[in-house]
> 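Here it is: the structure, laid out below.
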Amino acid sequence: MHKTFDPQAIEQAHYERWEQAGYFAAGKGDNGFCIVIPPPNVTGTLHMGHAFQDTIMDTLTRYHRMRGVPTLWQPGTDHAGIATQMVVERQLNADGKTRHDLGRDAFVERVWQWKESSGGKISRQMRRLGASVDWSRDRFTMDEGLSEVVRDVFIQLYDEGLIYRGKRLVNWDPVLRTALSDLEVLSEDEAGHLWHFRYPLADGSQHLTVATTRPETMLGDTAVAVHPEDERYQHLIGQTVLLPIVDREIPIVADEYVDPEFGTGCVKITPAHDFNDYEIGQRHNLEMINVLTDDARINDDMPEAYRGLDRFDARAQIVEAFESLGLLDRVEDHTLKVPRGDRSGSVVEPYLTDQWYVKVGPLAEPAIQAVADGRIRFVPENWSKTYFNWMHNLEDWCISRQLWWGHRIPAWYDESGNIFVGSDETAVREQHNIDASIPLRQDDDVLDTWFSSALWPFSTLGWPDQTEAMASYYPTSVLVTGFDIIFFWVARMIMMGMKFAGDVPFREVYIHGLIRDQDGQKMSKSKGNVLDPIDLIDGIDLESLVEKRTTGLMQPHLAPRIEKATRRQFPEGIPEFGTDALRFTFASLATTGRDVRFDLGRIEGYRNFCNKLWNASRFALQATEDTNLDSVPENYEPSLPERWIRSRLNELIGEVERQFARYRLDLAAQAMYEFTWHEYCDWFVELAKTTLYDDQATDGAKAGMARTLLDVLDALLRVLHPLTPFITEEISLQLAERLGLGRETLCTADWPAAGQADPQAESHMLWLQGIVGGIRQIRGEMDIAPGKAVPVLLSESTADDEARATELRPLLMRLANLESLEFVQDPPTACAVALHGNLRVSVPMAGLIDVAKERERLQKQRDKTAADLARTEGKLGNQNFVERAPEAVVVEEQRRAEEHRSALARLDAQIQELAAMAD
RNA sequence: GGGCGAUUAGCUCAGGGGUAGAGCGCCACGUUGACAUCGUGGAGGUCGGUGGUUCGAAACCACCAUCGCCCACCA
């Protein structure tokens, strides 16, 4: 084995072997464990969030697979309608073309080509992470089977009246020229103005002042509203105003919606361009006048002067017109929520169009119930509150998009506009007896990407067929995802799963946090703080990193700043850490309910951890090379260190099982780290050397120790494997050969069984660690060179101490590097002293120890002991404490006081003796 | 306007009614036959504030402060 662990040398070869051997194939049988992957964008690349999520899913999957449960991690990718279409359109734009130049069929063909050429990237990256998905089941939301499921579901929902087509106000993205769902619109505070316009009463007697943030919509005003109880305006209700510029006479209506406190208390009402106004329009039967085209220009029904003007130019001109008419009262600065499309970033317009909707009320009811009664459990629990909050306020879901890339809506129209829904045109004609001579036209729109995503947990398992996979794995076990798509995806999967697959789609939803940069900032290309998980695995030099971060920016002027920050933060680039270190880092950071700051310091630490494991294994294999492992005697009695390490291993296994069960990968990782480094390496390996390097030790003892060293390592590797599959596999293959296990992989190896604890061994070890620690402390603080062996005298010992010291003598000698170890009645004064319970551990000073320094050291201990004693005695002196605290607590406190008193007395005595000696 | 979360060592974070923890960083010493990506020892915190419950609060409760996120129609 090489002296340091080299991840690059082993990772890819192992993964290829695993995949070829089919270790990740779906297991057969009932009560399986299944995770369906949140399908990434097929043409996308892996980012830190994916890597984090994949690590969690892979760890859980590997763990269950090792436990012998039929296991499936279902992979796949999403067609990501808008996102993918935009990418390809941008490519066309670069050639000076638009998608309309190509036409629909050619454009869609082009997107498929792009999907074929770039679609493999994310899968390759997942392989680098070690993701143990069943690639043979890989699915794509637009492959044939899934598209059929989409059509079937659409048709059934339509037939049941749960999908309908309607003309309503929708969120319209005028750049992409498509409708968006409420979720795809993000409203942010932006600086704007509040324009106050005077609208003259029709009788010319006076005017009303209305305030608006969007002057251009006044062209479509069909009323002015005031609050019914607003005394200022009550007498005007029912009268009309003459809308300036368009000279339309419109009514003054009373509506509770109006807040008399805000602005002037008068609101202009534009039902065709504002969601609230739309509602008011419905209540008052107002006309809806659309003033815009689908790319947000003023349409041809409007006064000629404004036709064809962009909405923002029109805004300026209308304000100008009001000013010149003397009707501009004033302009105020005003911050307002501006709705923008989450993809295009353009200001979204409420726009009156025909769209398809899912009527969610009937679907939501059972979906709410499933979470309420615990059939689906959110982890952490508080997310269910977010879920309920949203589910109780659902609006119908607009599912049609005016795009070309996606599942085309399976609806056909005849020339009189009748709608026929069916799987294809032939089916539609058959079902409705439509003669071939009658032309039918398919709906141009495609479905919201999330429509197919909502079906993902059962569509990928083969529904509607009664497949083995459905039987074994539906409902799936757990959904692992971020909080940002609870509404987009989680809620809709629950609704659709219950409606169509007859049960909840998953039993638990594990919500993880967002990966942020070291300063807590979101990672984004424009901030230039993105880390590529593959760069953390393989490393990257500074120049390449700078180039990666500064090319392809939407705002190229940010490049210099990004470059500077990158050079400052990574002066040496990023070193190679390997996949296992990255995965271990993610797991360690996977605490529930909070975002994760990705700190390079952590990954470095876990790379070191991998190296530590590597070297401990190297030691275990080398040090036992010449040992015949089969020569362990029949009646072999394991030594204390062996009993201890096995006891600790059992504790580790149990702890990891407990923490995995509650998705606390951070605590599981911490337990693994602690055991590996601080128990196996720091103590057991050192203790094992005592036997293995001892010429006096019998062959049987050596063989027994070697066996334990290797057996425990083997179990440890299995415990670590779900988190760090590559390094454990590599070591394990060598180990398995040595142990004659005939094992080809850890992927399908048995999860180790947790045996009984051995309290006696643990207590003996605590004693040993206490004594060794005391002596090491003296060494450390007295600056005794580590290589210098020291004599040690034990006194004031109990029979128990003596028995232990005798049994553990060789261990003490080695671990504390002792020259000698003796029991004495009265140790000389000139000693450095450590107390372990009643036992006094003395290191004679001759030539080793500075008396003044030792006094100082003891004084520090004395002060601490005195403080502890004071606190303890304070408690015991409190009558209330003694009477009301549980007896065990009081007894423990008394014992502690006793110990402190005794230690204090002896420290005082020792200090005085040293003082006397110095005089 | 509602809801959620955070506040613990210099940094990143666990924990949790009974003597404050880890990793990294820091200081000192160290070429001991697995590992300097290491070893041994050490320093460092009145657990955001105020009040309450309790024999006992960093933990439970209330209020406050600061930061962050989500939802919501104020023109």
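In this text, all values refer to a predicted model and were calculated from it rather than measured experimentally. Each chain gets a letter, A, B and so on, in the order the sequences are listed, and its residues count up from 1.
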> Which of the following nucleotides, B:C69, B:C71, B:A75, is nearest to the side chain of A:Thr213?
B:A75
> Using heavy-atom distances to pick each residue's nearest nucleotide on RNA chain B, tell me which of A:Tyr673 and A:Lys864 is more 5'.
A:Lys864
> Using a strict cut-off of less than 4.0 Å between a Lys/Arg side-chain nitrogen and an Asp/Glu carboxylate oxygen, indicate whether A:Asp868 and A:Arg871 qualify as a salt bridge.
yes
> Can you tell which of A:Glu892, A:Glu898, A:Glu899 makes a salt bridge (charged side-chain N to carboxylate O under 4.0 Å, His left out) with A:Arg896?
A:Glu892
> Using a heavy-atom cut-off of under 4.0 Å over every strand shown, decide if A:Gln521 touches base, sugar-phosphate, or nothing.
nothing
> Would A:Asp599 and A:Arg597 count as a salt bridge (charged side-chain N to carboxylate O under 4.0 Å, His left out) here? Give the steps.
CA-CA 6 Å; A:Asp599 177 17; A:Arg597 289 192 192 202; over 6 Å; no
> So, the side chain of A:Ser524 versus the backbone of A:Lys527: is there a donor-acceptor pair under 3.5 Å, distance only?
yes
> Looking only at atom C1', what distance separates B:C73 and B:U53, rounded to whole Å?
43 Å
> Would you classify A:Gly265 as touching base, sugar-phosphate or nothing, given that sugar-phosphate means primed atoms plus P, OP1 and OP2, and contacts are heavy atoms under 4.0 Å?
base
> Side chain of A:Thr591, heavy atoms from C-beta onward: which of B:G18, B:A14, B:A72 has the nearest atom to it?
B:A14
> Which nucleotide, if any, forms a Watson-Crick or G-U wobble pair with B:G44, using both distances under 3.5 Å?
none
> Considering every strand and a 4.0 Å limit on heavy-atom distances, what is the contact class for A:Ala616: base, sugar-phosphate, or nothing?
base
> Phosphate oxygens OP1/OP2 of B:U12: is one of them under 4.0 Å from a side-chain N or O of A:Arg597?
yes
> I'd like to know whether the aromatic ring centres of A:Trp383 and A:Phe378 sit less than 6.0 Å apart in this structure.
no
> Would one find more than 12 heavy atoms of other residues, nucleotides or ligands at under 6.0 Å from atom CD of A:Gln282?
yes
> Measure from CE on A:Met672 to C1' on B:G23 and round the result to the nearest Å.
17 Å
> With heavy atoms under 4.0 Å as the rule, sort A:Phe275 into base, sugar-phosphate or nothing.
nothing
> Whole angstrom is fine here: how far is it from OH in A:Tyr680 over to C1' in B:C35?
14 Å
> How is A:Arg602 classified with respect to the nucleic acid when contacts are heavy atoms under 4.0 Å: base, sugar-phosphate, or nothing?
base
> So which nucleotide from B:G18, B:G15, B:A34 ends up closest to the side chain of A:Lys689?
B:A34
> Roughly how many Å apart are B:A58 and B:G18, using the P atom of each and rounding to a whole number?
11 Å
> Using atom P of each nucleotide, how far apart are B:G21 and B:G45 to the nearest Å?
14 Å
> Taking the P atom in each of B:U8 and B:G2, what is the distance between them to the nearest angstrom?
27 Å
> Compute whether any side-chain donor of one residue and acceptor of the other, for A:Gln569 and A:Gln518, lie under 3.5 angstrom apart.
yes
> Could you tell me how far apart A:Ile515 (CD1) and B:C13 (P) are, to the nearest whole angstrom?
11 Å
> Quantified in whole Å, what is the C1' atom distance between nucleotide B:U19 and nucleotide B:U37?
36 Å
> How many whole angstroms separate atom CZ of A:Phe586 from atom P of B:C13?
14 Å
> Any salt bridge linking A:Glu856 with A:Lys853? Criterion: basic side-chain nitrogen under 4.0 Å from a carboxylate oxygen.
no
> Of the listed nucleotides (B:C35, B:A75, B:U19), which one gets closest to any side-chain atom of A:Arg618?
B:C35
> Once you round it to whole Å, what is the distance between P of B:G17 and NZ of A:Lys875?
15 Å
> Touch check for A:Leu194, heavy atoms < 4.0 angstrom, all strands: base, sugar-phosphate only, or nothing?
nothing
> Taking only N and O in the side chain of A:Lys385, is any of them less than 4.0 Å away from OP1 or OP2 of B:C70?
no
> Just call it for A:Arg664: base, sugar-phosphate, or nothing, with non-hydrogen atoms closer than 4.0 Å on any strand.
sugar-phosphate
> Once you apply a heavy-atom cut-off of 4.0 Å, does A:Cys681 come out as touching a base, just sugar-phosphate, or nothing?
base
> Mind checking the P distance from B:G48 to B:G10? Whole angstroms is fine.
13 Å
> In whole angstrom, give me the gap between the C1' atoms of B:C47 and B:A22.
15 Å
> Under the ring-ring contact (aromatic ring centres under 6.0 Å, His included) criterion, do A:Tyr606 and A:Tyr673 qualify, and how do the steps go?
CA-CA 9 Å; A:Tyr606 295 122; A:Tyr673 186 99; 5.8 Å; yes
> Whole-Å distance between B:G30 C1' and A:Ile784 CD1?
13 Å
> May I ask you to say what A:Asp259 touches in the nucleic acid, namely base, sugar-phosphate or nothing, with a heavy-atom cut-off under 4.0 Å?
base
> Could you tell me which nucleotide pairs with B:A57 by Watson-Crick or G-U wobble geometry, both distances under 3.5 Å, or answer none if nothing does?
none
> State the pairing partner of B:A6; accept Watson-Crick or G-U wobble contacts with both distances under 3.5 Å, and report none otherwise.
B:U66
> Looking across every strand, which nucleic acid part, if any, lies under 4.0 Å from A:Asn878 by heavy atom: base, sugar-phosphate, or nothing?
sugar-phosphate
> Partner of B:C38 by Watson-Crick or G-U wobble geometry, both contacts under 3.5 Å, or none?
B:G30
> Counting only side-chain nitrogens and oxygens, does A:His334 get under 4.0 Å of the OP1 or OP2 atom of B:A75?
yes
> Should the ring pair A:Phe52 and A:His512 be called parallel, tilted or perpendicular, given that the plane angle runs from 0 to 90° and is split at 30 and 60?
perpendicular
> A:Leu531 has an atom CG; how far is it from atom C1' of B:U12, in whole Å?
15 Å
> Where the side chain of A:Tyr257 is defined as all heavy atoms beyond and including C-beta, which of B:A34, B:U12, B:C74 is the nearest nucleotide?
B:C74
> By nearest heavy atom, map A:Val882 and A:Gln518 onto RNA chain B; which one lands nearer the 5' end?
A:Gln518
> For B:U54 and B:G68, measure between their C1' atoms and round to the nearest Å.
33 Å
> Quick one: A:Tyr606 OH to B:C35 C1', roughly how many Å, whole number?
19 Å
> Pairs under 3.5 angstrom only: tabulate donor-acceptor contacts from the side chains of residues 330-338 of chain A to other protein residues two or more places apart or in another chain.
residue  : atom : partner  : partner atom : Å
A:Arg330 : NH1  : A:Glu332 : OE2          : 2.4
A:Asp333 : OD1  : A:His193 : ND1          : 3.1

> I'd like to compare against my own output: the B/S/- annotation of nucleotides 37-42 of chain B with a strict under-4.0 Å heavy-atom distance to protein.
BSSSSS
> Taking the minimum atom-to-atom distance to the side chain of A:Arg896, which one of B:A14, B:U19, B:C69 wins?
B:U19
> Would A:Tyr693 pass as stacked on B:G33, i.e. its ring centre under 5.5 Å from the base's six-membered ring centre and planes under 30° apart?
yes
> Checking base pairs now: Watson-Crick or wobble, both atom distances under 3.5 Å. What partners B:A14?
none
